[in-house]
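Letters A, B, ... mirror the listed sequences (proteins, then strands); counts begin at 1.
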Amino acid sequence: MKPLKKIMYVEDEADIRQIAQLALEAIGGFEVLLCESGQQALEQAVAFEPDMILLDVMMPGMDGPTTLAKLRELPQISQVPVAFMTAKVQPDEVKQLLSLRVLDVIAKPFDPMQLSTLIEKIWNQQ
Amino acid sequence: MEIPCIPENETERLAALQHLELLDTLPENRFDRLTRIVKQHFQVSIALVSLVDRDRQWFKSRQGLDATETPRDISFCGHAILSDDIFYIRNTLEDVRFADNPLVTGAPNIRFYAGAPLHTPDGSRIGTLCIIDDKPREFSAQALSVLRDLADTVEAELERSRLLELSQSLQRSEDRLTHLVQATLGIIVSCQVSADCPLQFISSSSGQVFGYPPQPFMTDLSFWIDHVHADDRQQVRQHLQQLLQLEDLAFEYRFLHADGDYHWVHDQRHLIRDSHGQADEIVGLWSDITERKQHEKRIQEQNRLLDTISRAQSRFIQSSNIRLAFDEILSDLLSITDSEYGFIGEILRREDDTPYLKTYALTDIAWDDDTRLLYQQQAAEGMEFSNLDTLFGAAITSGEVVISNDPAHDPRSGGIPAGHPPLNAFLGIPFYRNSQMIGMVGLANRVHGYDQALVNFLAPFISTMGTLVEAIRNEQQRAKVSDELAGFKHILDSTLDMIFMFDADSLQFVYLNKGAVESMGYSEQELLGLHPYDIKPHLTEHEFRQLIAPLSAGRQKTLNFETVHRTRDGRDFPVEIFLQLVHENENTARFIAIVRDITERKQTEEALQDVVAIRQAILDSANFSIISTDTVGVIQSFNRHAETLLGYSAEELVNKQSPALLHELDEVVARAAQLSAELETTIEPGFEVFVAKARLGSADENEWTYRCKDGRRFPVLLSVTALKDAQGNITGFLGVASDITERKQAEIALKDSESRIHAIVDTVVDGIITINSAGIVQTMNPAAERIFDYSADLVVGKNVNMLMPAPYSTEHDGYLSHYIQTSQARVIGIGREVEGRRSDGSTFPMDLAVSEMHIHGQRMFTGIVRDITERKRMDQMKKEFISTVSHELRTPLTSIRGALGLVLGGAVGEIPEKAKNMLQMANRNSERLTLLINDILDLEKIESGRMDFNLKLLDLAALTRVALEANNGYALEHGVKLSFTGETSSVMVNADENRLLQVFANFISNAVKFSAKQQTVEIELSKNEGWVRVSVCDHGLGIPDEFRSRIFQRFAQADSSDTRQKGGSGLGLSISKAIIEHLDGQIGFESTAGKGSTFYFELAQVDRVAASDSTSSGKLRILICEDNPDVSQVLSAMLKNEGMNCDIASSAAGAKALLKTRHYQVMLLDLGLPDQNGLELITELKQDEQTRDLPIIVVSALAEESRAVFRGDVITVVDWIQKPVDKTRLINALNDTFSGTEKPQILHVEDSLDIVQVTAEIIGDMAEYHYATSLATARAFLQDHRIDLLILDIALPDGSGLELLDSIRYDCPVMVFSGQEVDKQFKSDLAAVLTKSTTSNEQLLTTIRKLIFSSRDKA
């Protein structure tokens, strides 16, 4: 399995984008592309060629699952592993998200110091 | 002073007290013993058993007090009975209610009082067991409990009083019976219950009564029936057969007495049943009633004669045609004398004084044309016979009675004309008036001839004939008198009877004959001022007018009734009255009453009463009031029960009163109206009301109110039947009444409760629908009408499936009949959520609870429905709200926590030490806030019942080790050590692993938080009587007293400063409590200030002594149900040696519990279990769908005997093995069970290995279990294997599980077990759909089991 390098993170909250970017770039050393909406993700995904996509669920306009479905329609992206990062963590919500064939659901709030390790772990469990 | 209140149920309470029958009885040692103990134990001056009566308290038992009662107003016990609690006053002087009570201010100077209420079994508080002292006292909780215990003992004694009373009453009734039998002048017999009822006992009185000793009856079984008159035998046999259905039967027959004559026997039989209702024995009482029979016959004949005479008189008076009247009189006469033909004639004299006969009536015996012609021409006017050289002529010439029973050889007979019908016997009786022979009666051909007895018998009739004939003569003489009535007066004047005439309007007497005047003792003038009702003590003017109303109205021509006349000097005598209304002219109408003194007849009738004394005795012992009357309502008998019930003595009523005396006029009037409508004829409100139906031949049974002599009233069920003589004529009426007060009360209570229920049913918000066993709606309440938008009349009578959408509507009938056949319920007794269908076809979710009931032996089902559309909507809204709130709170927290974490983690460079402290504080609190949100959501879920509990068998010891491991890091952080003590071998509980770990985490983290560094937190596991306790013990400061009661409350923390210091949400214990309680366990703590606290929870231990190694699979699993641990261990070891797994249940309940959670190949069963008979358990398991296929091997010391007794299904019980166990036989039996069973194959497509593991564990050895974690592997497996069941998860890494539906080309059930909804389009292809989060292990097992068995059945 190839090592995880490029992560695309789709998140509408600017604060959280900033924290995640710090956590993933500064601590994890990943190359990160931040998108502030599903639409933006769809526009930039192919060019970025991410190894993995992190998706927020509750976003205005296009929510996470919809974005996921549209991303999967892109041939170049369809096989890219996805994990959700969300504050929607009621058990049935998590179940519902997991059923969309994603690697995992990462609960918010997350520990920024541990985030990279967690994502690495998820990546390796594939 | 406060007067005690009267309890709400005072009436019932007093009734209950009365019922005990203890008031004012003598002291009894059984109560005194108790009061002595009480006095001694409590060291008080007085101890009493006090019964609180209406106005007093009366002491059944008293120690230290002389008074036997005190007024209720000042009683302490009057207060004590107001509550179930013990009523006690420490110091009466300090209690305003009692300080000035005379029992306090004066003797016995009560200072202290404690009274425990005494209850009757129905809960009425009828008194107390109380103690009293003359100095104030304290009374501890323990003392209260002792007093209560002693009061319970007194209650038991009270109840025993009633039992004693019952047994005494039983004894009395036995004594009465014995006495009755001894006093009976009959033969007591007992016989077997079979054809002809062979005798097994006959009393020695048979010699006295029948002239035969008991021997021949006993040795020759047909002796009795052979001696029954041949003509009666057939009927007697029929009666004996009826007896088997009727229980009680009395019949009469003739029996050949040893003296050679037939005697009449009254045979009363009673069928006795044993305690199972089986006919066991027949007892009988035979009495010789020959005398009574003869007497009855005489009385009957006498009555017929009197009737004939009465009829003759009234006919004579009524009829306008004298000859027609005589024709009828003759016909009556022939009938009562059994004669073939005859005549009644007048004897006249020709001018030469030769007598000749002119007939008034003559039987037509014309034998040829001439005689026929003669008869036709002359009969109407009267035929004349002058030839006295005949038998009748002999009577005329001699003036004497002529009896000739051989006319052919009688010298007096002049022969008869040729062709004259044969003359075999002749009776001629001349009759006289004023010593002058004026007529004669001639009768012919009585079968057994004529005799003097008949002549004597006919005497009254003959004399009446004289009266009548003379009357006719008189009438003829007075032919010229225009006033017909005047003529009547004269005639009537001279009759033997009393004649009264009275005005139709005023009812005043206008004429009285001599007899009338003489009989009454009044002067004629006095009588003329009176009215008929003045001389009839039993009739008021109103009643009399009602009585004669049918005549006044012209509905009836004559009226015949019996009543009583009272003479001037107060003497009463019974009379029979014939009453007729005569219109004198257009304006005047008068009543003519012919009255006869029937004292003699009554006396004869009374005499009859003596003869039936034995019968009376039997009637008396019956629990009915039995009243018989004559035909017009005069009471003839009044049994002893009626006397007790009604307060009248038989003497007061018999021959004097009508039963109307006992009735309410209103009821009689109402019933009269009702009967009139029913019978379409007018029934006047009087005696006729009671007997009108009985008169028509039907038994009349009605509820009435009886009025006792003292005015008391009570309801009775009165059944009236007509008494008839051998000819079927009504001779009187018999009314049998039973007191139905209790039944009425019960009915009223029932009605009340029914109407209450109706009121409730009609007003509840839930819909209530009842259906019968065919699914047809019987009732529907208004709420159900509203819910389904149907009016009840559109639904009642139709199948309930009209209220359900498809597919339920088509399947419901099947469910119902399945339930009725198998008793296996889908919804009955279980609430569930279903869909309903409204009248417009729309559907809605509803809660349905169905219960079963039996009404009048019919099976009914009640469904309670509640429209939950709104609730569902609210649930959904709530869920969304919580989800949103949670999300919205977490989102900013993510930024806060993230930012703090990065800063503190050094991601943005070095920070000063002071700032770091502050930032750490912020970070810690943001973590707390996150936990708090989680906890709040958990709590909300538990409360709303939405938290999923995944119950399974867990080894609590193993789980405790896991919990220790998981929390060890946290403990180390705080410098605290965790240790595990106590029971460490496996202990099984049924619980949710993750939820228990949550509780462990809460307990352990709390203990750690409140421990000092270097201290140890001990986690201990202990077992106690079926419960397992996990205790977590710290050695911290303990819990302050004031906080203990709040400790499980939300946000409870002892000291707000703790919050900051220790962290935590304050919800942990509250959640732990909810979790443990959800698992049916208990949670609690013990704490000593300064020494530490122990928190514990307890769960029920699952009965499994030797839990198998759960990881081993592929082995056979066997359930050993055996209460002796030695035996079960031996069996277990024996089987493990053979490579089998065993679970052991030491009771039937334990076995059933294990069978619910696991599949077993076979069960070894001991028959002597502590909680259930093994044979019953087999039957029960056989009836349960889930276990009916479980092979059972009985291993018992009683195996051989039980095998004989138990006619069970041989397939179900594989073998019956005697203890001690023969190992070879056991192994063979086990091999028999396993051979030929190829395991079903299951493929489970599931990517979660956790779920795979759980499912594999559940399925156990029931089937061969395979799993695939992706569609690809599943497809590969299906190509090579044939399976019996496919279990699918939907969300799989490489697609939806449902894609596999196309891969199976043969008939194999597919079941979805997933967290996702299934699209409707797939549902038809699926045998079952289970949702992961809502399915219990038990449900999963049941469903899998059902599907593989159905699949195999098809194969």
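- Contacts of B/Asp1294 with chain A are made by backbone atoms alone, with heavy-atom separations under 4.5 Å and no side-chain atom involved.
- A donor-acceptor contact closer than 3.5 angstrom links the side chains of B/Ser1072 and B/Asn1002.
- Heavy atoms of A/Lys108 lying under 4.5 Å from chain B belong to its backbone as well as its side chain.
- Interface remark: A/Val89 contributes side-chain atoms only to the contact with chain B (heavy atom separation under 4.5 Å).
- Contact count versus chain B (heavy atoms, under 4.5 Å) is highest, among A/Glu13, A/Met58, A/Gln96, A/Gln114, for A/Met58.
- For B/Thr930, the part sitting under 4.5 Å from any heavy atom of chain A is the side chain, from C-beta outward, and nothing else.
- When only modelled atom types and interatomic distance are considered, B/Gln876 and B/Arg873 share no side-chain donor-acceptor pair under 3.5 Å.
- Looking only at distances, no side-chain donor or acceptor of B/Ser1270 sits under 3.5 Å from a matching main-chain atom of B/Pro1293.
- Between B/Glu1299 and B/Arg1275, at least one side-chain nitrogen of the basic residue sits less than 4.0 Å from a carboxylate oxygen of the acidic one, meeting the salt-bridge criterion.
- Paired with A/Asp51 under the rule side-chain hydrogen bond (donor to acceptor under 3.5 Å, both in side chains), one option of A/Lys5, A/Lys2, A/Lys6 passes, and it is A/Lys2.
- No side-chain N or O of B/Thr894 forms a donor-acceptor pair with one of B/Arg890 less than 3.5 Å apart.
- Contact annotation for A/Ile16: both backbone and side-chain heavy atoms come within less than 4.5 Å of a heavy atom of chain B.
- Residue B/Leu1292 touches chain A through its backbone alone, counting heavy-atom pairs closer than 4.5 Å.
- Salt-bridge annotation for B/Lys1073 and B/Glu1077: present, with a side-chain N of the basic residue lying under 4.0 Å from a carboxylate O of the acidic one.
- Chain B forms the most heavy-atom pairs under 4.5 Å with one residue out of A/Val102, A/Leu98, A/Asp15, and that residue is A/Asp15.
- Counting heavy-atom pairs closer than 4.5 Å to chain A, the top-ranked of the candidates B/Ser1296, B/Gly1295, B/Ser1314, B/Gly906 is B/Gly1295.
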